[in-house]
Each structure stands twice: as structure tokens, then as C-alpha cells.
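Let me begin by presenting the structure, written as C-alpha cells, before commenting on it.
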Amino acid sequence: MKNILYKAVLILVISIFTTACSSDDEKESADTTGKIGLKFDNAFGDNDLILETQSNTTSGNEVLKIKLVRYIVSNIVLTKADGTTFTYPKSKSYFIADENSEAGYKFELTDVPTGDYVKVKFGIGVDKEQWQLGASGQGDFLAQAQAADMLWNWTAGYKFFALEGTFTSATVTSASPFMIHTGQTGTDYNYTEVTLGLPTKALVRTNISPDVHIITDLSKVFNGPNKLKLTDYNAEGMGAMIMGGTALPLITANIATMFKVDHVHND
């Protein structure tokens with residue numbers, strides 16, 4: 001009889017403890033926040049990107065040396081394992097990734113509800129709705145974009161993605177400059193969004209601030225669904241300057257394929 005009573009008490013204690021822990025977990029998830037970092041690491045194919053000196057060969061057998069890569073990351077949405085989403089506040093959701101800047105490598109999101117996150121969605125560029133708010137509606141980001149040379153002028157709008165350097169090919173034997181800038185051109189707005197699954201859950205806690213390490217494969221600009229050869233746009237004395245026309249929507253479609261999550265640090 002004593003043994004049965006002891007077991008009953010033990011089961012009751014375990015049940016109360018489990019319920020209490022469960023309640024604490026639910027409370028933390030609902031009421032507490034943490035941080036999460038998005039790290040953008042530029043590469044070309046299988047190689048980490050090195051500016052100026054590294055020779056990068058495209059599927060069209062053109063050899064590029066890249067001197068500048070910048071792009072606007074925006075409108076971040078995180079998805080939890082249970083399917084619920086957290087949209088990062090729009091007023092704080094515009095960043096400039098810049099290979100030349102330490103500040104352009106990692107973006108820290110604050111006040112993120114604690115939980116287990118399995119997906120991240122973000123835009124490349126500034127969405128049309130935001131741009132239509134006018135210069136006065138851009139907050140501090142307008143000045144940041146101007147300082148980073150990611151704005152043509154207010155009427156023309158933002159540069160969403162900028163890639164510059166020199167190239168050679170079978171017919172362009174001396175290094176020729178190239179410049180690819182996407183953004184609003186005519187009726188094409190060229191903003192795109194990317195959704196990536198995480199290989200392991202990002203565990204946002206009050207005491208854990210995970211980093212999501214994202215690889216940006218710049219070779220996809222040339223080797224993506226739409227093949228691009230700079231030689232086709234090369235003008236004697238000017239190089240390949242692609243900043244408008246029918247090429248930009250095709251390049252934008254390629255840009256949407258550039259990103260993948262390499263790993264998640266939960267520490």
C-alpha cells in the first residue's frame with residue numbers, strides 16, 4: 001500500500017513540475033524577446049569572394065574581377081516551427097549589404113519574439129510601397145542609401161543591387177569595366193523577395209542569440225536561369241554598363257536564386 005501511495009505522489013509531483021515548465025516555456029515564447037543575426041557572406045561559385053584580385057569565371061567563359069558588391073536587404077519575415085510568422089518592423093527593416101564594409105556583413109534584429117525559427121524571407125531592394133511614401137517617408141534609410149551610393153536620385157529611386165569590376169572574354173582581351181545596377185526602370189520595378197529554409201532551427205531565447213549564415217553566390221547573376229554575357233553589352237571605350245532595359249528583369253530573376261543558408265549558430 002505504501003509503495004502504491006509513494007508512486008502516486010511521485011507521478012503527481014512529476015506532473016506538476018512538467019506543467020509548470022510547460023507554462024514557463026509558453027510564457028517565455030509569448031512575452032519575451034531576443035535577438036537574431038543575419039550574416040551575408042558573398043561568394044562566387046564555390047569560392048569565398050575576394051575583391052579586386054580574384055579571377056572569377058562565368059559559364060560563358062568570361063573572367064571577372066569584382067571590385068564592388070552592394071545590395072539592399074529589406075522586409076524581413078521569420079517563420080516559427082509552428083507556422084506562425086514574425087514580421088520585423090518595417091521602419092527598421094532596411095539594410096545595406098556591402099562587401100567593403102564590416103557593418104555590411106551582419107545585421108542584428110532586436111526584439112524578436114523567442115521561439116524556434118525555421119524560415120527567413122527578405123527582399124532585395126526597396127519595395128514600391130515604401131518608395132511611394134516619398135523622400136520624407138524614408139526615415140534614416142534615405143541618408144544611408146545616399147552615403148552608400150545606393151540611390152541614383154529621388155526621382156529615379158534606389159539602386160537595389162550593384163555589382164562592378166572588370167572582365168575579359170574571348171573577344172574582349174583587355175580588361176574592360178562592367179557595371180550592373182538594378183532598380184526601377186520604366187515599367188519594371190525589379191524588386192524581388194527570397195524565402196530560405198534553415199537547415200537547423202534558430203533558437204531565439206533571452207539568453208541565446210542565433211546567427212543565420214547566408215551565402216550569396218554572385219555567379220548566379222551570370223549563370224542563373226537567365227544566362228548573361230557581359231560581352232553582349234560591351235561598348236568600345238565604355239565597357240558593359242547594364243543599368244536598364246530588358247536585361248534587368250532577367251538579372252533580377254537570377255538574383256532571386258543567389259542565396260542559401262549555409263548554417264545556423266545557436267550561441
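Residues take their numbers from the sequence shown, with the count starting at 1.
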In residues 35-46, what donor-acceptor pairs under 3.5 Å come from side-chain atoms, sequence neighbours left out?
from	atom 1	to	atom 2	distance (Å)
Asp41	OD2	His213	NE2	3.2
Asn42	OD1	Tyr71	OH	2.9
Asn42	ND2	Glu99	OE1	2.8

When the side chains of residues 133-143 are checked against the rest of the protein, which donor-acceptor pairs come out under 3.5 Å, sequence neighbours left out?
from	atom 1	to	atom 2	distance (Å)
Gln138	OE1	Tyr158	OH	2.8
Gln138	NE2	Gln130	O	2.8
Gln138	NE2	Gly134	O	2.9

Side-chain donor-acceptor distances from residues 90-98 under 3.5 Å, at least two apart:
from	atom 1	to	atom 2	distance (Å)
Lys90	NZ	Asn75	OD1	3.2
Lys90	NZ	Tyr94	OH	3.2
Lys90	NZ	Asp127	OD1	3.3
Lys90	NZ	Asp127	OD2	2.9
Ser93	OG	Asn75	N	3.0
Ser93	OG	Ile76	N	3.0
Tyr94	OH	Asn75	OD1	3.4
Tyr94	OH	Asp127	OD1	2.5
Asp98	OD1	Asn100	N	2.9
Asp98	OD2	Arg70	NE	3.0

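When only modelled atom types and interatomic distance are considered, Thr32 and Thr114 share a side-chain donor-acceptor pair under 3.5 Å.
Contact detail for Ala256 and Thr192: the closest heavy-atom pair is CB-OG1, 3.6 Å. Taking both residues in full, the closest heavy atoms of Asp111 and Phe86 are given as O-CZ, 3.8 Å, listed atom of the first, atom of the second, then distance. Nearest heavy atoms, Val118 versus Lys201: CG1-CG, 3.9 Å. Residues Gly60 and Lys229 share a closest heavy-atom pair of O-CE, 3.8 Å. Nearest heavy atom pair, residue Ser59 against residue Lys227, reads OG-CD, 4.1 Å.
Residues Val194 and Phe160 are members of separate hydrophobic clusters, defined by side-chain heavy-atom contacts under 4.5 angstrom among Ile, Leu, Val, Met, Phe, Trp and Tyr. By the rule that hydrophobic residues join a cluster once side-chain heavy atoms approach within less than 4.5 Å of another member, Met150 and Val73 end up as members of separate clusters. Trp152 and Ile251 end up in different hydrophobic clusters when Ile, Leu, Val, Met, Phe, Trp and Tyr side chains are linked at under 4.5 Å. Placement of Val126 and Met243 in two distinct hydrophobic clusters is found when ILVMFWY residues are connected by side-chain heavy-atom separations under 4.5 Å, directly or transitively. In the hydrophobic clustering of ILVMFWY residues, with side-chain heavy atoms under 4.5 Å counting as a link, Leu49 and Leu230 come out together.
Remark: Glu236 CD is loosely packed, at most 12 non-hydrogen atoms of other residues, nucleotides or ligands lying under 6.0 Å away.
Sorted by first and then second residue, the salt bridge (charged side-chain N to carboxylate O under 4.0 Å, His left out) pairs involving residues 258-267 (not counting sequence neighbours) form an empty list. For residues 240-252, no pair satisfies salt bridge (charged side-chain N to carboxylate O under 4.0 Å, His left out), with sequence neighbours left out.
Note that the CD1 atom of Ile255 and the CG atom of Leu248 stand 8.5 Å from one another [nearest 0.5 Å]. Considering CG of Asp232 and OG1 of Thr171, their distance stands at 8.5 Å, rounded to 0.5 Å. Note that the CD atom of Gln184 and the OG1 atom of Thr155 stand 9.5 Å from one another [nearest 0.5 Å]. To the nearest 0.5 Å, atoms NZ (Lys119) and CG (Leu78) are separated by 12.5 Å. A distance of 13.5 Å separates OG1 of Thr187 from OH of Tyr189, quoted to the nearest 0.5 Å. The CG atom of Leu163 sits 8.5 Å away from atom NE2 of His181, with the distance rounded to the nearest 0.5 Å.
Side-chain atoms of Tyr233 and Leu228, non-hydrogen and from C-beta on, do get closer than 4.5 Å to each other. Within the 4.5 Å cutoff, no side-chain heavy atoms of Ser169 are placed close to those of Asn61. The closest side-chain heavy-atom distance from Val261 to Pro199 is below 4.5 Å. Side chains of Leu250 and Asn254 form no contact here, defined as non-hydrogen atoms less than 4.5 Å apart. Between Phe161 and Leu218, the closest side-chain pair of non-hydrogen atoms falls below 4.5 Å. Counting only heavy atoms from C-beta outward, the side chains of Val221 and Met258 approach each other to under 4.5 Å. Using a 4.5 Å cut-off on side-chain heavy atoms (C-beta onward), Pro177 and Met241 make contact. Counting only heavy atoms from C-beta outward, the side chains of Val120 and Val77 never approach each other to under 4.5 Å.
Between the side chain of Asn266 and the main chain of Leu203, a donor-acceptor pair closer than 3.5 Å is present. The backbone N or O of Thr173 sits nowhere less than 3.5 Å from a side-chain atom of Thr168 that would complete a donor-acceptor pair. Tyr88 contributes a side-chain N or O that, together with a main-chain N or O of Thr110, makes up a donor-acceptor pair within less than 3.5 Å. Side chain of Asp82 to backbone of Thr84: a donor-acceptor contact under 3.5 angstrom is found. Side-chain atoms of Ser219 do not come within 3.5 Å of backbone N or O of Asn223 as any donor-acceptor pair.
Ser101 meets the side-chain hydrogen bond (donor to acceptor under 3.5 Å, both in side chains) test with no other residue; sequence neighbours excluded. Partners of Met238 according to the side-chain contact (heavy atoms from CB on, under 4.5 Å) rule, which considers only residues two or more places apart in sequence or in another chain, are Ala235. By the side-chain hydrogen bond (donor to acceptor under 3.5 Å, both in side chains) test, Glu193 pairs with Tyr191, sequence neighbours left out. Contacts of Gln54 classified as side-chain hydrogen bond (donor to acceptor under 3.5 Å, both in side chains), with partners at least two apart in sequence or in another chain: Asn56. Considering only residues two or more places apart in sequence or on other chains, Lys106 meets the salt bridge (Lys or Arg N to Asp or Glu O under 4.0 Å) condition with Asp211. For Ser176, the side-chain hydrogen bond (donor to acceptor under 3.5 Å, both in side chains) test picks out Asn234, with sequence neighbours left out. Asp149 is linked by a salt bridge (Lys or Arg N to Asp or Glu O under 4.0 Å) to Lys159, counting only residues two or more places apart in sequence or in another chain.
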Discussion item. Quick one, Phe178 with Ile242, criterion side-chain contact (heavy atoms from CB on, under 4.5 Å). Give me CA distance, side-chain angles, the key distance, then yes/no.
Written reply: CA-CA 8 Å; Phe178 76 86; Ile242 308 175; over 6 Å; no

Discussion item. Does Asp116 form a side-chain contact (heavy atoms from CB on, under 4.5 Å) with Arg205? I'd like the steps, not just the answer.
Written reply: CA-CA 9 Å; Asp116 300 351; Arg205 302 289 188 270; 2.8 Å; yes

Item to complete: Determine, stepwise, if the pair Glu62 / Thr231 fulfils side-chain contact (heavy atoms from CB on, under 4.5 Å).
Response: CA-CA 8 Å; Glu62 295 181 323; Thr231 303; 2.4 Å; yes

